[in-house]
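Presented below is the structure to which this report refers.
Letters A, B, ... mirror the listed sequences (proteins, then strands); counts begin at 1.
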There are 2 protein chains.
Amino acid sequence: MGKRASAELGSARADEGLGGNGRDEAIYRNLFVAIVENHLAPGTKLPEDTLAETYGVSRTSIRKVLQRLAHERLVDVRLNRGASVAQPSVGEARDIFSARRIIECGAIPQVVAKATPTALETLRDLVRREHAAQDRGDWRESIYLSGAFHVELMRLSGNETLTDFLTQLVSRSSLVIATYGSPQTASCRHSEHDDVIEIIAGGDVDGATRWMDRHLRDVERTVVLVEEEPAPSDLKKILEEVAQRRPKLR
Amino acid sequence: MGKRASAELGSARADEGLGGNGRDEAIYRNLFVAIVENHLAPGTKLPEDTLAETYGVSRTSIRKVLQRLAHERLVDVRLNRGASVAQPSVGEARDIFSARRIIECGAIPQVVAKATPTALETLRDLVRREHAAQDRGDWRESIYLSGAFHVELMRLSGNETLTDFLTQLVSRSSLVIATYGSPQTASCRHSEHDDVIEIIAGGDVDGATRWMDRHLRDVERTVVLVEEEPAPSDLKKILEEVAQRRPKLR
DNA sequence: AAATATTGAATTGTGTCCAAAGTGATTCTA
DNA sequence: TAGAATCACTTTGGACACAATTCAATATTT
């Protein structure tokens with residue numbers, strides 16, 4: 001398995017800040033990956049009973065995990081209606097990418113300042129794994145590793161708070177990608193991650209900042225181009241339009 | 001009570017994203033304010049039983065609230081040891097202010113772009129209340145309103161995600177202020193909030209950005225000047241130094 | 001026949017109980 | 001008397017049971 005970098009999305013501060021048993025942590029991680037890697041489509045209901053017997057624990061533990069995921073905006077929990085995988089709105093998607101541009105570009109100076117050769121090698125390893133996943137068509141792990149790259153880059157800044165924020169933004173980005181945009185369009189094209197490593201290695205702050213801004217805009221453009229999907233209230237209109245195009249059944 | 005702006009810190013998305021009864025929400029808000037306004041000193045233990053009977057609910061509800069506060073980093077929850085008001089480390093404090101500089105300065109362009117006259121008037125009202133609180137020596141509400149100002153400013157950007165992040169950062173800043181730095185030093189001096197409103201009203205993006213950067217550095221400097229409080233590992237050294245200066249007891 | 005009211009199953013919210021871990025004081029020993 | 005081990009007490013963690021709400025399907029009425 002080689003010297004796999006500690007590139008784990010989420011649970012950045014698992015054993016640290018908040019309480020959390022080892023078992024709860026495992027359940028959280030399992031659900032987290034299932035959502036971020038899009039094994040569970042946005043909108044999928046997550047009944048407490050089902051999860052409880054799946055993991056062999058009581059609903060109490062499940063509830064805790066779901067609440068955590070809800071706070072990270074990966075699941076929606078509505079009163080008396082249970083939890084379901086979040087489906088970000090178009091506005092949310094825009095906010096997420098806007099926030100990423102501000103945070104990731106803003107942190108570049110500190111990232112460049114603290115980038116050591118060994119840290120850069122870790123990043124290169126991550127990109128290698130990303131390419132390997134792409135080459136064998138594993139777009140799920142490809143998306144995952146692409147996100148992990150951004151998080152690890154931020155981790156170089158030494159700012160744990162910002163790293164936590166970005167972890168959340170990257171996970172939600174995966175949800176956005178899952179909700180809007182075709183699978184391969186989003187992940188496979190944008191793997192110019194190699195480039196930024198060298199720019200950073202050269203100490204070019206402005207260049208790295210420009211690269212990051214452009215990169216994030218590219219990703220956003222290939223993904224959120226769906227302007228506004230029909231609100232439920234427009235259902236009638238939709239059906240009328242369909243009736244228009246097919247005046248008679250059969 | 002006048003036309004009080006909807007300037008509430010925390011619970012920004014109370015009834016929205018995550019589940020949350022009205023009662024739970026009230027408990028959360030009460031604890032939140034108690035912590036942010038420094039009625040509860042950092043490190044104060046928060047036993048579930050006590051809180052449960054205080055609010056007349058069972059421990060179940062309390063645990064949910066504590067978990068939420070833990071995720072917002074306002075309380076520390078350690079396994080089998082319960083919850084206590086968080087005491088940010090110096091490193092955390094630095095991260096928080098660094099993150100605030102990046103986020104608040106980075107969002108200025110959008111804030112300026114979306115600033116309407118009525119929105120600016122809301123901000124002015126907030127500053128008026130802040131000054132009133134200062135003048136009557138109510139430094140708790142002064143700190144609270146000072147934070148609320150920054151959050152409302154960010155809200156103008158229209159980016160809910162960033163506003164949520166900043167809400168968390170501002171709350172934690174209050175904890176930092178409570179932990180390091182004398183009460184009046186921190187809050188009372190820096191109320192040049194009037195200035196930035198006019199800069200924004202004039203559409204001066206660069207000026208507003210520079211103002212914000214300087215403002216945040218000022219606040220940080222007056223607060224975190226305590227360099228490094230003795231790490232537990234340095235306890236021995238500290239005691240030896242003291243012994244050096246007082247060779248004999250009594 | 002369509003719209004509305006009702007009823008029942010399924011799912012969530014909340015309170016309580018029991019086991020496990022931590023905390024502090026007491027006692028025993030050297 | 002100082003130190004260490006033990007024991008009782010307090011607090012937390014997890015599971016269960018019951019109450020409340022939602023959702024869907026059926027029945028009723030116009």
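A donor-acceptor pair is defined here as one N or O able to donate and one able to accept, closer than 3.5 Å; no such pair exists between the side chain of B:Arg155 and the backbone of B:Thr163. Side-chain atoms of B:Ser173 come within 3.5 Å of backbone atoms of B:Leu169 as a donor-acceptor pair (strictly under, hydrogens ignored). B:Ser142 contributes no side-chain N or O that, together with a main-chain N or O of B:Asp138, makes up a donor-acceptor pair within less than 3.5 Å. For the pair B:Tyr180 (side chain) and B:Pro88 (backbone), a donor-acceptor distance under 3.5 Å is present.
Partners of A:Asp95 by salt bridge (Lys or Arg N to Asp or Glu O under 4.0 Å), not counting sequence neighbours: none found. For B:Ser98, the side-chain contact (heavy atoms from CB on, under 4.5 Å) partners are A:Gln110, A:Asn159, B:Arg101, B:Ile102, not counting sequence neighbours.
Taking only side-chain atoms of A:Asn80, from C-beta outward, the nucleotide of C:dT12, C:dG22, C:dG15 with the closest atom is C:dT12. Taking the side chain of B:Arg81 as heavy atoms from C-beta on, and the options C:dG13, C:dA21, C:dT23, the nearest nucleotide is C:dT23. Taking every side-chain heavy atom of A:Glu48 into account, C:dG13 is the closest of C:dT14, C:dG13, D:dA15.
Of the residues in residues 51-60 of chain A, those placing a heavy atom less than 4.0 Å from an atom of DNA chain D are A:Ser58, A:Thr60, in numerical order.
If you take CD1 of A:Ile27 and C1' of D:dA15, they are 13 Å apart, rounded to a whole angstrom. Following rounding to the nearest Å, A:Leu66 (CG) and C:dG13 (P) show an atom-to-atom distance of 10 Å. Atom NZ in A:Lys64 sits about 10 Å away from atom C1' in D:dT12, given to the nearest Å. What separates CD1 of B:Ile62 from C1' of C:dT14 is a distance of 12 Å, to the nearest Å. Between A:Gln67 atom CD and C:dT12 atom P the separation is 14 Å, expressed in whole Å. At whole-Å resolution of the value, CZ in A:Arg78 and P in D:dC23 are 8 Å apart. What separates CG of B:Asp49 from P of D:dT12 is a distance of 6 Å, to the nearest Å. Atom-to-atom, CD of A:Glu25 to P of D:dG14 comes out at 13 Å; the value is rounded to the nearest Å.
Contacts of A:Arg63 with the nucleic acid, taken as non-hydrogen atoms under 4.0 Å apart, include base atoms.
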Using side chain to side chain contact (heavy atoms under 4.5 Å, CB included), reason through A:Leu156 and A:Leu123 one step at a time and then give a plain yes or no.
CA-CA 10 Å; A:Leu156 288 194; A:Leu123 286 178; 4.0 Å; yes

